[in-house]
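Structure record follows, encoded as C-alpha cells.
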Amino acid sequence: MGKRRLSLQQERRIRAERARALAANPHAGQAELRRGVVVARFGKALEVIDPDDPLAPPRRCHMRANLEPVVGDHVLWQTEAGQGIVTALAPRRTLLRRREGRKARVIAANVDQLAIVIAAQPEPHPALVDRLLAAAEIEHIHPLLVINKCDLPGTRDLLEIGESRQRLGYPLLQVSARTGLGVDALRAHLEAKTSVFCGQSGVGKSSLLNCLFPNAPARVGSLSEATPKGRHTTTVSRYYPLTTGAVIDSPGIREFDVACADESDLMQGFVDLRLLAAQCRFRNCSHREDPGCALVDAAAHGRIDPQRLESFHQLRLHYRMQP
Ligand code: GDP
Ligand code: ZN
C-alpha cells in the first residue's frame, strides 16, 4: 500500500496537538540532546560514552555529514528513529596531530598529558624524547617522562636522559611493567587527565597499558566484532575511560612525528632554549658557530644541557629534509 497523504485538515490538527503538547512540556517532540565523549571511530561510525557515567557501555552513533569527530572529542548527540546521531562538536582544548608527509593529521582531541616512555631496550634516542617533548609543548599538552623496564640493568644512561629533562620541570617516573614497580604512581599521574602513551616500539607501552587496564582486551574484542570490514582494532585509536580521566591508545599515536610549521615553531617546543634564543646577537642566528650565540654560550658554560641543543639541530635538519 502506498503512503497516504495527510489532508490539510489532518495536518492542521496534528500541528495544533503538537503546539498544545509543547506548551505543556517545552521539550516534548524534540529529541533530547545528550553530551558524549568519542571513544572510537570506525569510518562514519562512532562510539560515545556519557561523561557523567564514563564506565557505562559506549553507545554507537552515526554523525552529521559535516562533522569530523576524533577520539577524545566532546560531542552532542540525540536519538533519531532509534539511531544515535552526533550533531555537534564542542571546541577542542588541545589537538594531538601527527605529521604525514606535508600534512598534519588530527589523531586525538582534548589530550592533557603525553606519557613519553623510554627503556634501556631498545636503546633510547635523546633526540626522539626531545621531539616528543617539543610536540607536547607546541600542542600545549603536559609531558610525563616514564622510564620503563627498571628491573633491567643498564638504566644509568637512561636516568641521565630523564633527569636532565626533569630539571626543566617535566615529571619523571621509574616503572616496570614486569614487576609492577611504580605502576600505582603512574596510575595516580593519569587521574583526572586524558593521557596518551608514546615512544619507540618495544619500550613496553602495551605492557604498561595491560598492567594499568587488565580488562581492556575484552572491550577491544567486542569492538572489532562490530566493525563490518573486520578487525580494525590495531590501527584505530581507542579511549579507555578511568573513574576519573582516560587513556587514549593507538599504534598511530605511539610513534608519531611532531606536526610543527617551521623552525621557529620547533624552537617553541624547547622550553630551555626558546627564551635564550631571543638573546642571540643576530636575529637569524643559526645557533652553531655564530658570534654572540646565547645558546652555544649557555651550553659551553653548563647552563643548558648540550644534548638539548644537539636535539634541536637534529630535528631542524629532520624538518628541512621532510618532503
Ligand atoms: P610496545 O611496543 O612499546 O607496546 O612494547 P611491548 O609492551 O610490546 O613490550 C616489548 C617487550 O618488552 C616485550 O617482550 C615485553 O615483555 C617487554 N617488557 C615490557 N615491559 C617490561 C618491563 O618492565 N621489564 C622487562 N624486563 N621487559 C618488559
Ligand atoms: Zn644563537
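Read the numbers this way: they start at 1 and go in the same order the structure lists the ligands and their atoms.
Ligand-side atoms of ligand 1 in range of Val203: 3 (O), 5 (O), range being under 4.0 angstrom from any heavy atom. Listed by number with element, the atoms of ligand 1 under 4.0 angstrom from any heavy atom of Lys205 are 1 (P), 3 (O), 4 (O), 5 (O), 7 (O). Taking every heavy atom of Ser201 and a limit of under 4.0 angstrom, the matching atoms of ligand 1 come to 2 (O). Within ligand 1, the atoms closer than 4.0 Å to a non-hydrogen atom of Asp151 are 22 (C), 23 (O), 24 (N), 25 (C), 26 (N), numbered from 1 in the order shown.
In terms of polar-atom proximity, defined here as any N/O pair under 3.5 Å, Leu152 makes no such contact with ligand 1.
Listed by chain and residue number, Arg64 satisfy the salt bridge (charged side-chain N to carboxylate O under 4.0 Å, His left out) test with Glu80 (two or more places apart in sequence, or in another chain).
Taking 4.5 Å as the limit, every side-chain heavy atom of Asp112 sits out of range of all side-chain heavy atoms of Thr94. Residues Asp73 and Val38 are in side-chain contact: their nearest non-hydrogen atoms beyond the backbone lie under 4.5 Å apart.
Comparing heavy-atom distances from atom 1 (P) of ligand 1 across Ser176, Ala119, Gly202 singles out Gly202 as nearest.
Residue contacts with ligand 1, taken as heavy atom pairs separated by less than 4.0 Å, involve Asn148 solely via side-chain atoms from C-beta onward.
Between His287 and His313, the ring planes lie tilted relative to each other; the angle falls in the 30° to 60° range.
Protein atoms that are N, O or S and lie under 2.8 Å from the Zn ion (ligand 2) are these: Cys280 SG, Cys285 SG, His287 ND1, Cys293 SG.
Residues Asp151 and Thr179 bring no donor and acceptor atom of their side chains to less than 3.5 Å of each other.
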